[in-house]
Amino acid sequence: MKVFINPNREIGKRNPMIYGHFIEHFHRQIYGGVYDPGNPLSDEAGLRTDVLEAMRKIKVPVLRWPGGCFVSSYHWKDAVGKERIPLFDKAWRVEDPNTFGTDEYLDMCRKLGCEPYICTNAGTGTPEEMSDWVEYCNLENEGQYAKQRIANGHEKPYAVKYWSIGNENYGSWEIGAKSAGEWGRLVNESAKMIKHVDPTTELTAAALTDLDWNINLLKHCSDRLDWISIHEYWDGIHQTNDYADYEQVMAYTYDIDHSIREVRGLLEAMGLEKKIKIAFDEWNLRGWYHPNMHTVQMAVDKKDYLYPRDKNDDNTKYTMADAVFTACFLNACNRNCDIVGMANFAPVVNTRGCIYTDQNGIVLRSTYHVFDLYVNYLGDIVLDLWNETPRFLSVRHKNGEKLDVEAVDLLATKFSDREGIALAAVNKDASQGCELTVEVGEAARYQVHTISGSSTESYNDVGHDEVMIQSTEWQTITDALKVVLPPHSINVISIE
Ligand code: AHR
């Protein structure tokens, strides 16, 4: 396979927030995940220092919180100050002690050095409750909520820039679901009040690739919105936990950016593509396993709806399939960097996250290493690239359909702050390596950083480390730059 890269043909500069993350009050993401007071591994605020360290290593640029479905019946005022009011979380049918609230979350973001991104309750909440939250976080000292923040020991405003109005309020499963018409009006009134509190905030609202919903939203609110939020989980195993196998996951990479393309088309049709960016603020190959939820008939016994959630934490299930898919999606976000400004892996800790915790430590799952590779080795300027001899794989989708997908997914980048090219090359083939010849003009040497595992089923777990980044020494380029991409591998080729 031969590819041509022209360092002068720039597609655009990617926003670092496309490597963002999401954390929800669901199962062990917060309590027992990042927030574990009393654990010797936690700091004075109860935050797991090993988790924070791992998140800093992948330079988490933005962290969306507190949900997700959780947020649609969450009231932030119960979770600030000395007296916390325990919540029966109607979204997930558990008690939330509310000991982790706004101040704890913003302390975590400060320690991570990341942007906070708060999703508000547009289910049972009101425009006033949302804008009160912005008062609490962003006003110097005016009004009761800023004064409450100061009384709670936080003198300085937090300057939270990114706010979402609602989660998936289009969905019948969502508490306080709305019709398209209701949604446009609610978002408009909420955005108005939030901007009246702090005009420097950047706002998004829940959307999806549904024309009516988005046209209504954009018709009513485009002048007040800066982003539009979309979500996608490809292997929808929320009720069944029947994981797609490696070949079926490769089928999911077919047309992986269809949601981006559809929303881009709508924004362009409405002349909004220069004003509103896409926040792909929940995405993961695997849907979260929470059986007998989001259904009309709710289970009664905890063994039917609560205890099964522990099955999300089977580390053996997060293999090279998840890593290869994650790399392909991040490539798609980079290629669409002119309109995708943020993407949030859902979630970052436990459930389907890239970091698993137990009370003794953490496991860095296969997907973690993809973020490490992309954040720390790829450039921030996306370049055009031409693949002269693309190869295709014929794979069977979970629905039985045969699909031809490109065998190798490529992304060329360079750096705005230094010389050099970095080429991401993902080989989806489960059994065949691929020899790649790279034409890039003047170059003297190259180095290859590879994640491949020993098989498609390789995974990491406690005391079991099969998946990691392995780097070659720098190699001098003599006649041509040729690299063999191992089967089921994600590679970044650094070229100078
Ligand atoms: O399965 C988890 C849920 O997926 C999130 O809470 C929600 O935002 C999405 O539907």
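All ligand and atom numbering here is 1-based and tracks the order in the structure. Keep in mind the model is a prediction, meaning the values are calculated, not measured.
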If you apply the rule ring-ring contact (aromatic ring centres under 6.0 Å, His included), what do you find for H464 with Y459, and how did you get there?
CA-CA 8 Å; H464 180 102; Y459 65 89; 4.2 Å; yes
Whether H294 lies under 4.0 Å from ligand 1, heavy atom
no
Identify the closest protein heavy atom to atom 8 (O) of ligand 1: which residue and atom is it, and at what distance?
E282 OE2, 2.6 Å
Could you establish whether W92 and ligand 1 come within less than 4.0 Å of each other, counting only heavy atoms on the residue side?
yes
D226 and K195 ion-paired at < 4.0 Å:
yes
E268 and K274 ion-paired at < 4.0 Å:
no
Nearest protein heavy atom to atom 2 (C) of ligand 1, by residue and atom, and its distance?
W288 CE3, 3.1 Å
Would you call E44 and K111 a salt bridge, taking side-chain N to carboxylate O under 4.0 Å as the test?
yes
The atoms of ligand 1 lying under 4.0 Å from a heavy atom of E24, numbered in the order shown, are 5 (C), 6 (O)
Below 3.5 Å, N or O to N or O, backbone or side chain included: is there any such pair between F70 and ligand 1?
no
Taking a cutoff of less than 4.0 Å between a non-hydrogen atom of the residue and any ligand atom, is Y233 in contact with ligand 1?
yes
Electrostatic pair D409-R335, nearest N-O below 4.0 angstrom:
yes
Find all atoms of ligand 1 within a distance of less than 4.0 Å from any non-hydrogen atom belonging to N167, and give their numbers and elements.
7 (C), 8 (O)
Any idea which protein heavy atom is nearest atom 1 (O) of ligand 1, and the distance to it?
H290 NE2, 2.7 Å
So, for W65 and H25, is the gap between ring centers shorter than 6.0 Å?
yes
So, D43 and R48, do they make that salt bridge, N to O below 4.0 Å?
no
I'd like to check which ligand 1 atoms, numbered from 1 as shown, lie under 4.0 Å from a non-hydrogen atom of E168.
7 (C), 8 (O), 9 (C), 10 (O)
